[in-house]
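Scroll down for the structure; my scribbles are underneath it.
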2 protein chains.
Amino acid sequence: MNKNKNQLPNNTNSGSRNLGRLIMQLRRLERKPHHFGTAGPLTPSEIHTVEAIGTEGDVLMSELAMRLGITKGAVTQLITRLEAKELVKRSPHPNDSRGILISLTEKGKDAYIAHEEVHFQFYNQLRLQLSEQEIEVFEKCIDKLNNFLQK
Amino acid sequence: MNKNKNQLPNNTNSGSRNLGRLIMQLRRLERKPHHFGTAGPLTPSEIHTVEAIGTEGDVLMSELAMRLGITKGAVTQLITRLEAKELVKRSPHPNDSRGILISLTEKGKDAYIAHEEVHFQFYNQLRLQLSEQEIEVFEKCIDKLNNFLQK
DNA sequence: GCATTTAGTTAAGTAACTATACTTTTTTTA
DNA sequence: TAAAAAAAGTATAGTTACTTAACTAAATGC
């Protein structure tokens with residue numbers, strides 16, 4: 001009845017299982033702090049926040065909350081921590097005195113670039129083991145996956 | 001100098017960026033509890049633990065810690081919680097009285113199967129949007145990715 | 001037969017949140 | 001235009017999911 005997976009070849013579910021394994025690996029990685037550039041060790045949340053601000057900067061707290069998919073309260077805590085580490089700075093919004101604009105300091109930009117570099121190197125290593133067409137297909141799949149998870 | 005990414009075509013880094021987006025989506029998903037089968041709401045850690053035990057069961061606590069990539073202490077806490085929810089049960093190891101074997105109860109197996117079904121349905125939806133060759137390439141990529149992250 | 005290793009537990013501490021209540025502005029609307 | 005509603009950010013207490021370190025008890029290794 002609801003065991004329709006048994007009507008398909010045996011290996012059909014192995015992809016699903018590997019995807020599960022990937023999720024577990026990411027869970028593990030997303031737990032320990034790492035060094036990026038001249039900044040000390042940054043927790044995953046911290047570096048993701050730096051990434052979400054970006055080198056162009058001037059992002060509202062609420063915009064940041066939306067980008068990171070967390071509450072405003074969580075963003076306040078993160079930014080306070082990152083400000084203490086001198087990776088970001090708060091500045092008043094010129095037109096709306098409720099708003100606060102966040103941007104990266106030089107040290108923050110340095111961490112941002114170092115993090116981008118890690119991503120880039122990682123992806124390059126993957127690229128070495130795959131053909132150009134395969135990479136293309138992979139990126140298409142990642143994109144589809146992203147659209148799915150949007151919901 | 002270290003901005004070698006600029007020597008490559010513009011879209012070279014978009015894959016890396018999409019992979020980053022995927023990680024953010026997973027972070028978000030891996031935070032809120034969901035229902036699986038007849039069990040009440042289960043946190044991501046809880047259902048991952050159920051998954052790691054599997055329907056065959058009789059897994060040592062330490063083996064579980066290794067599978068989940070967490071410490072023994074964390075496993076003790078998880079299993080205590082899952083035992084209270086009646087999804088797993090502890091039994092003494094027949095030969096080694098230090099060891100404790102964990103297995104799923106009927107309710108636990110039910111949650112396991114419901115979770116597998118979610119994975120399966122999800123993967124099937126992805127399959128609908130891709131050709132068979134594309135799926136094959138995708139799985140190969142996921143596998144490479146897994147091997148990378150192993151370190 | 002004692003030292004070491006291995007299995008598991010306990011307790012305290014941390015990171016990363018959420019929920020809720022609050023203040024201060026801005027916007028809406030009646 | 002005054003009052004109500006909405007929006008931006010903060011503060012605080014609580015939760016989840018861990019880790020670390022110290023512990024007990026049983027097994028293994030000379």
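All heavy atoms count here, side chains included; hydrogens, waters and symmetry mates do not. All values reported here derive from a predicted model rather than from experimental measurement. Quick note on labels: first sequence line is chain A, next is B, and so on, each numbered from 1.
- Looking at B:Lys140 and B:Glu136, no side-chain N of the basic residue comes within less than 4.0 Å of a carboxylate O on the acidic one, giving no salt bridge.
- Heavy-atom distances to DNA chain C give each of A:Ala74 and B:Ile79 a nearest nucleotide, and the one nearer the 5′ end belongs to B:Ile79.
- Between chain A and DNA chain C, the heavy-atom contact criterion of under 4.0 Å yields a 5' to 3' nucleotide range of C:dA15 to C:dT26.
- Remark: the B:Glu117 side chain and the B:Gln121 side chain contain an N/O donor-acceptor pair separated by less than 3.5 Å.
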* Kindly indicate, with the supporting measurements, whether the criterion side-chain contact (heavy atoms from CB on, under 4.5 Å) is fulfilled by A:Thr80 and A:Arg90. => CA-CA 9 Å; A:Thr80 302; A:Arg90 287 174 156 106; 3.4 Å; yes

Determine all donor-acceptor pairs shorter than 3.5 Å in which one atom belongs to a side chain in residues 32-41 of chain B; sequence neighbours excluded.
residue : atom : partner  : partner atom : Å
B:Thr38 : OG1  : B:Asp110 : OD2          : 3.0

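- A:His93 places a side-chain heavy atom less than 4.5 Å from the side chain of A:Leu60.
- Straight-line distance from the CD atom of A:Glu83 to the C1' atom of D:dG9: 13 Å, rounded to whole Å.
- A straight line from CE of A:Met24 to P of D:dC18 spans 9 Å, rounded to a whole angstrom.
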* Dump the intermediate steps for side-chain contact (heavy atoms from CB on, under 4.5 Å) on A:Val59 and A:Arg67, then the final yes or no. => CA-CA 10 Å; A:Val59 188; A:Arg67 287 190 195 173; 4.0 Å; yes

* To do: Could you please spell out the steps behind the side-chain contact (heavy atoms from CB on, under 4.5 Å) verdict for B:Arg81 and B:Thr43?
  => CA-CA 11 Å; B:Arg81 201 143 34 98; B:Thr43 67; 4.0 Å; yes

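- Rounded to whole Å, atom P of D:dA7 lies 18 Å from atom CG of A:Asn95.
- Residue contacts shown for A:Ser97 are limited to sugar-phosphate atoms, with no base heavy atom under 4.0 Å away.
- In this structure, A:Lys32 places its NZ atom 13 Å from P of D:dC18, rounding to the nearest Å.
- Residues A:Leu42 and A:Leu87 meet the side-chain proximity criterion, which asks for heavy atoms closer than 4.5 Å.
- Residues of residues 33-71 of chain B having a heavy atom closer than 4.0 Å to DNA chain C, listed by number: B:Leu60, B:Met61, B:Ser62.
- Contacts of B:Gly99 with the nucleic acid, taken as non-hydrogen atoms under 4.0 Å apart, involve only primed sugar atoms and P, OP1 or OP2.
- Evaluation of atom-type donor-acceptor distances gives a pair under 3.5 Å for the side chain of B:Gln77 against the base of D:dT19.
- Nearest-nucleotide mapping onto DNA chain D: of A:Val75 and A:Arg27, the residue sitting toward the 5' end is A:Val75.
- Proximity of A:Arg31 to the phosphate of D:dC18: a side-chain N or O atom is located under 4.0 Å from OP1 or OP2.
- Atom NE2 in B:His93 sits about 10 Å away from atom P in D:dA27, given to the nearest Å.
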* Between B:Leu126 and A:Lys144, does a side-chain contact (heavy atoms from CB on, under 4.5 Å) hold up when you go through it step by step? -> CA-CA 7 Å; B:Leu126 188 63; A:Lys144 296 256 184 228; 3.9 Å; yes

